[in-house]
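Heavy-atom basis, side chains included; hydrogens, waters and symmetry copies ignored.
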Amino acid sequence: MPNRLADATSPYLLQHAENPVDWWPWGPEAFEEAERRGVPVLLSVGYAACHWCHVMAHESFEDAGLAGYLNERFVAVKVDREERPDVDAVYMEAVQAATGQGGWPMTVFLTPDKEPFYFGTYFPPQPRHGMPSFQQVLEGVDAAWRDRRQEVGEVVGRIRADLAERAAVYSAGAHHPPGDADLHQALVALSREFDQTRGGFGGAPKFPPAMVIEFLLRHHARTGSEAALEMAVRTGEAMARGGIHDQLGGGFARYAVDADWVVPHFEKMLYDNALLLRVYLHLWRATGSELARRVALSTADFLLRELRTPEGAFASALDADSLDEETGASAEGAYYVWEPGQLVDLLGPADAATAARLFTVTADGTFEHGTSVLQLLADPEDFAEYEEIRRRMFEARASRPAPARDDKVVAAWNGLAIAALAETGALLDRPDLVEAAERAADLLLAVHLTPDGRLLRTSRDGRPGTNAGVLEDYADTAEGFLALYAVTGETEWLQLAGGLLDTVLKHFTDEASGALYDTADDAEELIRRPQDPTDNATPSGWTAAAGALLGYAAYTGSDRHRTAAERALGIVGALAGRAPRFIGWGLAVAEALQDGPREIAVVGPADDPATAALRRAALLGTAPGAVLAVGAPGEAAAEVPLLADRPLVGGAPAAYVCRHFACEAPTTDPAALGARLGVVLE
């Protein structure tokens with residue numbers, strides 16, 4: 001019989017709707033029930049593509065006996081972390097404070113007042129590797145709640161104090177935006193953690209450092225640092241050639257479990273692929289690398305083919321697991337891995353040998369049960385042969401049971417996808433990608449943007465969710481709209497970005513310090529107002545907002561928005577040398593601030609090839625965070641201050657390159673414009 005999650009819109013919650021556990025969704029009713037019954041709350045947080053969430057659900061939450069005990073002694077609350085990142089962030093911070101580590105599924109026990117007192121992640125059905133079973137955990141927590149309530153209160157007090165101490169650290173007012181010395185210090189710190197042999201930073205597991213690569217590319221563009229470029233290029237190539245990259249269908253898995261990028265954790269997330277699409281586009285722009293260009297295009301095609309929803313936006317993720325045709329059971333990676341015999345059956349002996357050599361498919365395998373994750377360790381000698389083999393393997397793989405798709409639409413991640421697709425379409429002559437970006441943006445306007453200008457975080461099947469947008473939703477959506485303006489010249493996108501950023505200034509910003517909060521000042525009150533400037537899988541809302549504010553200020557000359565960006569970047573200066581891997585987007589935005597950023601106005605008739613040539617030269621420029629406005633003389637000046645008072649030169653289209661609205665002499669020559677902006681490609 002379905003439980004209370006049956007009416008949820010979240011695919012993750014719906015996965016638990018048939019559990020014998022009497023789940024409640026997050027809300028006041030659950031905590032009122034716990035107060036009425038005098039029992040603690042079990043908070044279980046996960047997401048639809050989480051492998052270990054599925055494992056714990058099957059082992060424990062589908063067990064009728066365990067569910068009976070849980071229902072009797074607790075109120076069980078299930079949360080989709082992607083729908084409620086605020087709830088996830090607050091309690092993950094508590095888990096990390098108490099245990100020194102975190103992850104999903106996150107398992108936290110709370111008082112009816114939402115105060116956490118016992119913490120963990122995955123718990124097995126039987127004791128194993130020093131971990132208690134989930135049943136033992138439930139029994140221990142129940143005993144502590146009934147017999148040692150004073151100890152529970154002491155834990156609550158310690159955690160509350162620890163969280164308050166952490167919150168005090170995030171005051172940007174005591175710091176200045178990072179300067180050149182800070183950014184160089186970040187580069188030095190990154191070079192110490194760089195894996196010279198395999199690319200990337202640190203050891204296993206290895207996550208794709210998209211935001212750090214963006215910083216490195218911008219630092220190279222501004223300073224000429226070859227060390228920065230080398231780390232970016234080597235990491236990009238290592239990931240592109242490894243198993244973390246889907247060599248047949250494009251796109252990237254969440255992370256590699258090893259240091260060599262060979263075996264991925266197979267879930268594919270929208271945010272990773274949006275960020276990496278933009279990074280590989282910028283790698284191509286900075287170096288002319290054909291590999292980077294191929295990866296950018298195949299990642300864009302993956303987004304359109306496998307994550308685009310019927311409404312035109314982009315779904316959140318593909319699952320790590322799928323049905324194994326041989327065993328009939330769900331298995332991680334079953335959709336993606338190959339055995340030599342499968343190649344022979346599909347391609348015949350000769351082409352199978354070529355495919356095995358190209359994609360490193362071996363008899364021993366690189367994954368479980370003698371299967372291999374595909375890699376492309378070197379470019380093929382015969383690209384036509386390679387493409388034909390790849391096509392046949394891709395078509396054969398499409399007949400396998402596909403991973404499940406989490407089809408909820410998250411505003412922030414769609415904002416990242418909009419920015420990446422718009423830029424890629426413009427630079428690589430793919431108008432269909434720009435159209436896809438516009439369609440996704442239209443969905444956000446129609447479904448996620450409320451009449452009072454506020455954003456909703458999620459939707460599904462074209463129906464809005466009920467959860468308020470958090471800071472990253474406003475910041476990343478604004479970033480996407482700014483990119484659309486640069487590419488299309490349609491002023492509506494610039495105006496919409498400005499509206500979202502005004503909400504950031506009004507509802508998410510501490511006026512005294514310039515620090516930013518992850519939730520609005522009128523959002524649901526939690527045990528602490530979430531606030532974190534450091535990057536996780538995506539840019540933090542804090543640094544994403546700084547970037548969008550800086551870009552908007554460059555278009556409009558708004559001192560208010562620029563000052564807000566500078567104040568927000570104060571924390572980046574404090575973290576640049578100590579934790580650069582976890583503040584990569586903040587460092588990238590700081591590079592833009594150091595460079596100006598450059599403000600480029602291209603003035604000329606829209607249908608004039610000379611206007612188009614100047615526009616393309618501007619888009620190809622590597623100047624960090626540069627903004628581009630294109631328009632006919634006088635046409636959009638009232639709406640876009642950067643275009644005001646910019647006449648043609650000798651009757652010809654012209655480009656103006658400015659900093660803080662102080663401009664160099666205009667040019668009508670695309671090559672001269674490119675030289676000013678660091679264009680590499682010919």
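Side chain of N273 to main chain of F252: a donor-acceptor pair is present (N/O by atom type, distance under 3.5 Å, no hydrogens or angles). Put simply, the side chain of E599 gets close to the backbone of F661: a donor and an acceptor are under 3.5 Å apart. When atom types are taken as modelled, the side chain of D510 and the backbone of A512 share a donor-acceptor pair closer than 3.5 angstrom. In this structure a side-chain-to-backbone donor-acceptor pair under 3.5 Å is missing from N414 to A441. No donor-acceptor pair under 3.5 Å is formed between the side chain of T519 and the backbone N or O of A523. Judged by distance alone, with hydrogens and angles left aside, the side-chain atoms of T111 form a donor-acceptor pair with the main-chain N or O of D113 at under 3.5 Å. Formation of a donor-acceptor pair under 3.5 Å by the D461 side chain with backbone atoms of R463 is not found in this model. R84 places no side-chain N or O within 3.5 Å of a backbone atom of D80 that could act as its donor or acceptor partner. S540 places a side-chain N or O within donor-acceptor distance of the main-chain N or O of P533, the cut-off being under 3.5 Å.
For the 3.5 Å distance criterion, the side chains of T450 and D452 qualify, holding a donor opposite an acceptor. E566 and H176 are not linked by any side-chain donor-acceptor pair at a separation below 3.5 angstrom, with hydrogens and angles left out of the test. Using modelled atom types, one finds no donor on one side chain facing an acceptor on the other under 3.5 Å when comparing H561 with T556. Residues E479 and Y474 bring no donor and acceptor atom of their side chains to less than 3.5 Å of each other.
At a threshold of 4.0 Å, the pair R254-D272 counts as salt-bridged, since one of the basic side-chain nitrogens sits closer than that to a carboxylate oxygen. Note on D86 versus R81: no salt bridge recorded, every NZ/NE/NH1/NH2 to OD/OE distance being 4.0 Å or above. Ion pairing between a basic and an acidic side chain is recognised when a charged N comes within 4.0 Å of a carboxylate O; E524 and K114 show such pairing. Remark: R659 engages D595 in a salt bridge, criterion side-chain N to carboxylate O under 4.0 Å. Using a 4.0 Å cut-off between charged side-chain N and carboxylate O, R36 and E29 make no salt bridge. In summary, D521 and K506 do not engage in a salt bridge, as defined by a charged side-chain N under 4.0 Å from a carboxylate O. Taking a cutoff of 4.0 Å between a charged side-chain nitrogen and a carboxylate oxygen, E472 and R457 qualify as a salt bridge. The pair D522-R454 meets the salt-bridge criterion, since a charged nitrogen lies less than 4.0 angstrom from a carboxylate oxygen.
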Q: Could you walk me through whether F117 and V141 pass side-chain contact (heavy atoms from CB on, under 4.5 Å), step by step?
A: CA-CA 9 Å; F117 66 89; V141 171; 3.8 Å; yes
(Q) Set out, in order, the CA-CA distance, both residues' side-chain angles and the distance that settles side-chain contact (heavy atoms from CB on, under 4.5 Å) for K78 and W24, then state yes or no. (A) CA-CA 6 Å; K78 178 62 76 173; W24 293 69; over 6 Å; no
Q: Might you work through the ring-ring contact (aromatic ring centres under 6.0 Å, His included) test for W493 and Y485, ending with a clear yes or no?
A: CA-CA 5 Å; W493 299 121; Y485 171 67; over 10 Å; no
**Q.** Y91/F119 under ring-ring contact (aromatic ring centres under 6.0 Å, His included): CA gap, chis, key distance, verdict
**A.** CA-CA 9 Å; Y91 291 106; F119 316 88; 8.8 Å; no
Q. Can you check side-chain contact (heavy atoms from CB on, under 4.5 Å) on K268 and L307, steps first, answer last?
A. CA-CA 10 Å; K268 283 181 168 180; L307 291 184; over 6 Å; no
Q: Under the ring-ring contact (aromatic ring centres under 6.0 Å, His included) rule, what do W52 and F123 come out as? Steps first, then yes or no, please.
A: CA-CA 10 Å; W52 287 103; F123 290 106; over 10 Å; no
Q: Assess whether side-chain contact (heavy atoms from CB on, under 4.5 Å) is satisfied between V21 and H16, documenting all intermediate values.
A: CA-CA 8 Å; V21 175; H16 295 267; over 6 Å; no
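Aromatic ring orientation, Y47 versus W104: perpendicular (interplanar angle above 60°, classes split at 30° and 60°). A perpendicular orientation is assigned to the rings of F31 and W26, their planes being inclined by more than 60° (bins at 30° and 60°).
How far CG of L5 is from OH of Y12: 9.5 Å, rounded to the nearest 0.5 Å. One finds the CG atom of L318 at 7.5 Å from the CZ atom of R405 (value rounded to the nearest 0.5 Å). L449 CG to L444 CG: the interatomic distance, rounded to the nearest 0.5 Å, is 9.0 Å. Here the CG atom belonging to L445 is positioned 11.0 Å from the CD atom belonging to E438, to the nearest 0.5 angstrom. Taken to the nearest 0.5 Å, the CD atom of Q185 stands 10.5 Å off from the CG atom of L587. In this structure, CG in L276 is found 7.0 Å from CD1 in I213, a value given to the nearest 0.5 Å.
Using a 4.5 Å heavy-atom threshold, the side chains of L575 and T534 count as touching. Counting heavy atoms from C-beta outward, L43 and V79 have side chains that approach closer than 4.5 Å. Side-chain atoms of E267 and D319, non-hydrogen and from C-beta on, never get closer than 4.5 Å to each other. Side-chain contact between L190 and V212 is present, with at least one heavy-atom pair separated by less than 4.5 Å. Between P112 and P40 there is no side-chain heavy-atom pair separated by less than 4.5 Å. Residues E423 and L281 form a side-chain contact, since some pair of their non-hydrogen atoms from C-beta on lies under 4.5 Å apart. In this structure the side chain of F215 reaches within 4.5 angstrom of the side chain of E591, judged on heavy atoms. Between T9 and L14 the shortest side-chain heavy-atom distance does not fall below 4.5 Å.
Ring centroid separation for the pair F109 and F74 comes in under the 6.0 Å cut-off.
Taking the centre and axis of the six-membered ring of W542, the NZ or CZ atom of R567 falls outside the cone set by 45° and 6.0 Å.
Y555 approaches L494 most closely through the heavy-atom pair CD1-CD1, 3.7 Å. Listed here is the closest heavy atom pair of G469 and D473: CA-OD2, 3.4 Å. Heavy atoms only, all atoms of each residue included: P11 and K408 are closest at CD-CB, 4.1 Å. Across every non-hydrogen atom of A437 and A422, the tightest pair is CB-N, 3.9 Å. Across P624 and P597, no two heavy atoms sit closer than the pair O-CB, 3.8 Å. In plain terms, the two heavy atoms of V39 and W145 that are nearest each other are CA-NE1, 3.8 Å.
For the side chain to side chain contact (heavy atoms under 4.5 Å, CB included) with D88, the qualifying choice from E83, E82, E93, M106 is M106, the only one to do so.
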